[in-house]
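Right, one structure below, let's go through it.
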Protein chains: 2
Amino acid sequence: MTTAREMFHQHGVRGVGIEAITEAAGTNKMTLYRHFASKDDLIVECLQRAAKESYLKWDELERQHPGDPKAQLHAWIGNAAECISGDWRGCEMANTAVELADDDHPAKRVIEEVKKNHRNFLAKLCARAGLDQPELAADMLGLLLEGARISRQSEGQEGPSARFKRMAEEVIATVGGLGEKA
Amino acid sequence: MTTAREMFHQHGVRGVGIEAITEAAGTNKMTLYRHFASKDDLIVECLQRAAKESYLKWDELERQHPGDPKAQLHAWIGNAAECISGDWRGCEMANTAVELADDDHPAKRVIEEVKKNHRNFLAKLCARAGLDQPELAADMLGLLLEGARISRQSEGQEGPSARFKRMAEEVIATVGGLGEKA
DNA sequence: GTCTATATCCGGATAGAC
DNA sequence: GTCTATCCGGATATAGAC
């Protein structure tokens, strides 16, 4: 399944076939179909695993900077910027949502839930960090991140990762009224 | 070709087949293949038409508010917000870029060029509007727009269109140092 | 030039041997 | 339970009739 996630992420869920996945994993189709009812099911479970990893990362923020929401917010920015650095091929969730144009695809439910949770998490974190307009700041951070996730290494020499970091800090400094670093 | 663009946008370039397009257009495959060498070629030409429409919209800004870059900037925000309102299924360019994971696909060249031009256009407009940090503001507006384009009607009752507009105005007010409406 | 019919291939899913 | 071989549908693209 780890190989499935990698290949889905690399080539897109519609760009890679069951056969290629099983071949890369050193097995065959039948064994895969013993564990997963269909390709859609495999996609859903891959996304759910990705979702769990996100939730764990949020818990880790609290663990790394206990009782210091400002530091947690800056750490979140750093994490997010690092996530989209390198040869980033876009967010698993966002890419899959685009590829599966059909709105009643089972994967869409997972994606929507993760996005909702992420937004709530950010808004609460911004509020705890004492930002003036936590909801607005959370929305801006979320949209900036989604935008940075989409625009890969295109315009400008500065990668989207560094751009996102710069702008995110600008957001919490100006919109949130939190001028100094934590 | 207009129907092709609509169907590509609605179902994704990989989610709709040649046959479905020709059927919807009231013709057949052979006539389509007389005009376009391949499906990829059809995709490229659809994107190029979309690009031309974007360029025309920018010219229209200058025509609507001649010599008033601030008004042009606010009008751009309004246009962008309106573009992503309604039952928005994502940006043609961004969606196609995600669907065609292969980086050396001919459509990628078109998409990259449009994005580069859009970024340059925005930066120049922000500079002419007298914003303090035009490059930063242009980057933020661009990322906000891309993010809003991706996040469809999900978290929150306020649609991404209204959210984008609110945040974009906030950006040019705080980051750009342009507090008042034009 | 426009359509019918088809060639060719690929991906998802299954049957059945071992 | 794991693999080989296969079915089936759909998609791109083409041949050839009119």
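Protein chains get the first letters and strands the later ones, always in sequence-line order, with residue 1 at the start of each. This is a predicted model, so every value here is computed, not measured.
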Extract from the structure each pairing of a protein N or O with an N or O of nucleotides 1-4 of chain C at less than 3.5 Å, listing the distance.
residue, atom, partner, partner atom, Å
C:dC3, OP2, B:Thr27, OG1, 3.3
C:dC3, OP2, B:Asn28, ND2, 3.3
C:dC3, O5', B:Asn28, ND2, 2.6

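B:Glu19 meets the salt bridge (Lys or Arg N to Asp or Glu O under 4.0 Å) test with B:Lys29; sequence neighbours excluded. Among residues two or more places apart in sequence or in another chain, the salt bridge (Lys or Arg N to Asp or Glu O under 4.0 Å) test is passed with A:Lys39 by none. Residues meeting the side chain to side chain donor-acceptor pair (under 3.5 Å) test with B:Gln10, sequence neighbours left out: none. In terms of the side-chain contact (heavy atoms from CB on, under 4.5 Å) criterion, residue partners of B:Glu6 (sequence neighbours excluded) are, by chain and number, B:Thr2. Annotation: side chain to side chain donor-acceptor pair (under 3.5 Å) contacts of A:Thr27 (sequence neighbours excluded): A:Thr31. For the salt bridge (Lys or Arg N to Asp or Glu O under 4.0 Å) test, no residue two or more places apart in sequence or in another chain qualifies with A:Glu113. Partners of B:His105 by side chain to side chain donor-acceptor pair (under 3.5 Å), not counting sequence neighbours, listed by chain and number: B:Asp40.
Contact check of residues 36-50 of chain B against DNA chain D (heavy atom, cut-off under 4.0 Å) returns B:Ser38, B:Lys39. Residues of residues 11-21 of chain A that place a heavy atom closer than 4.0 Å to DNA chain C, in numerical order, are A:Val16, A:Gly17, A:Ile18.
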Name the atoms and distances for all side-chain donor-acceptor pairs under 3.5 Å in residues 41-53 of chain B, with sequence neighbours left out.
residue, atom, partner, partner atom, Å
B:Asp41, OD2, B:Ala37, N, 3.2
B:Glu53, OE1, B:Arg5, NH2, 3.3
B:Glu53, OE2, B:Arg5, NH1, 2.8

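In this structure, OH of A:Tyr33 is placed 13 Å from P of C:dA15, rounded to the nearest angstrom.
Identified under the ring pair (Phe, Tyr, Trp, His ring centres under 6.0 Å) test for residues 14-38 of chain B, with sequence neighbours left out: none.
The closest donor-acceptor contact from the side chain of A:Arg166 to the backbone of A:Ser161 lies at 3.5 Å or more, if one exists at all.
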